[in-house]
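A short write-up of the structure that comes next.
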Amino acid sequence: ADTVLATDMPIQASAIDGSTSIRLRYLRNTFELWKAHPIVGYGTGGFRDADIKLGGISAGGGISTIETPQVSPEQTYARILVEHGLVGLIVLLALWGLQIYYSFKLTNKMFANIALGFMAIMIFGSFSQDLLRDESPRLFYIFFSALLFAPIVFKSELNPNQYDLS
């Protein structure tokens, strides 16, 4: 039996609501872009130009052009794959893995739970939104990463008993 890939099937707006249809097209286009540069991607900010060359779609459902570009596939992981390839995705996942690992090292359970909740928001939220591209979530991530994990980086000089770094 022949296998039909999701990328081979047309996405009909009548079968799926408009927003879902557009997001599915973003993912299909993202996969096509990623296949062209799978290891290191197109570079930071490269999704926009690559998507225009591919003839992708804009947020309104029209063709992505210089005047109406689509700057992100509305998903962190997809954008990272296109802009930074597998190397970038592995680095991102390693960073988040380290942050989760160090969340478990926090001896103050309240801080540990806040850190784990924060990481869950970033990891799961990135499936439906590009949290590292949009200004507010990106600043939220930077601020809370610094706030929660800086003492670990600096070996907890203020309170050495707060973290178990062994």
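Quick caveat, the model's predicted, so the values are computed rather than measured.
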Linking I/L/V/M/F/W/Y whenever any side-chain heavy atoms sit under 4.5 Å apart, do Y102 and V91 land together? no
Starting at CG of D49, measure out to CG of L54 and round the result to the nearest 0.5 Å. 12.5 Å
Would you confirm whether the ring centroid of F47 sits within less than 6.0 angstrom of the ring centroid of Y42? no
Given D134 and Q129, is the side-chain contact (heavy atoms from CB on, under 4.5 Å) satisfied, shown in steps? CA-CA 9 Å; D134 296 335; Q129 187 66 28; 2.9 Å; yes
Reported OH-to-CG distance for the pair Y26 and L33, which is rounded to 0.5 angstrom: 13.0 Å
Is there a side-chain contact between V82 and F31, using heavy atoms and a 4.5 Å cut-off? no
For the atom pair OG1 (T30) and CD (E74), what is the distance rounded to the nearest 0.5 Å? 10.0 Å
Do F104 and L116 touch side chain to side chain, with heavy atoms closer than 4.5 Å? yes
Spatial distance of atom CE (M119) from atom CD1 (I114) [nearest 0.5 Å]: 14.5 Å
Could you give me the CA-CA distance, side-chain angles and deciding distance for S145 and Q99, then say whether side chain to side chain donor-acceptor pair (under 3.5 Å) is met? CA-CA 8 Å; S145 289; Q99 288 181 306; 3.0 Å; yes
What one should report as the nearest heavy-atom pair of I80 and G88 is CG2-C, 3.6 Å
Minimum side-chain heavy-atom gap L132-M122 below 4.5 Å: yes
Find the distance between CZ (F118) and OG (S103) and round it off to the nearest 0.5 Å. 9.0 Å
Between R138 (side chain) and R133 (backbone), is there a donor-acceptor pair under 3.5 Å? yes
Specify whether W96 and Y141 have parallel, tilted or perpendicular ring planes, treating 30° as the upper limit for parallel and 60° as the lower limit for perpendicular. perpendicular
Below 4.5 Å, heavy atoms only, C-beta onward: do T76 and L92 meet side chain to side chain? yes
R79 vs D130, side-chain contact (heavy atoms from CB on, under 4.5 Å): CA-CA, chis, key distance, verdict: CA-CA 8 Å; R79 183 183 55 82; D130 194 348; 2.4 Å; yes
Minimum-distance pair of heavy atoms, taken over all atoms of L131 and S126: CD1-N, 3.7 Å
Do I100 and I90 land in one hydrophobic cluster if side-chain heavy atoms of ILVMFWY residues count as linked below 4.5 Å? no
Would the distance check show the side chain of Q75 and the main-chain N or O of S128 forming a donor-acceptor pair, the cut-off being under 3.5 Å? no
Transitively linked via ILVMFWY side-chain contacts under 4.5 Å: F127 with I121? no
Would you say L93 ends up clustered with L95 if hydrophobic residues are merged whenever their side chains have heavy atoms under 4.5 Å apart, either directly or through other cluster members? yes
Which atom pair, heavy atoms only, marks the closest approach of I123 to Y77? O-OH, 2.6 Å
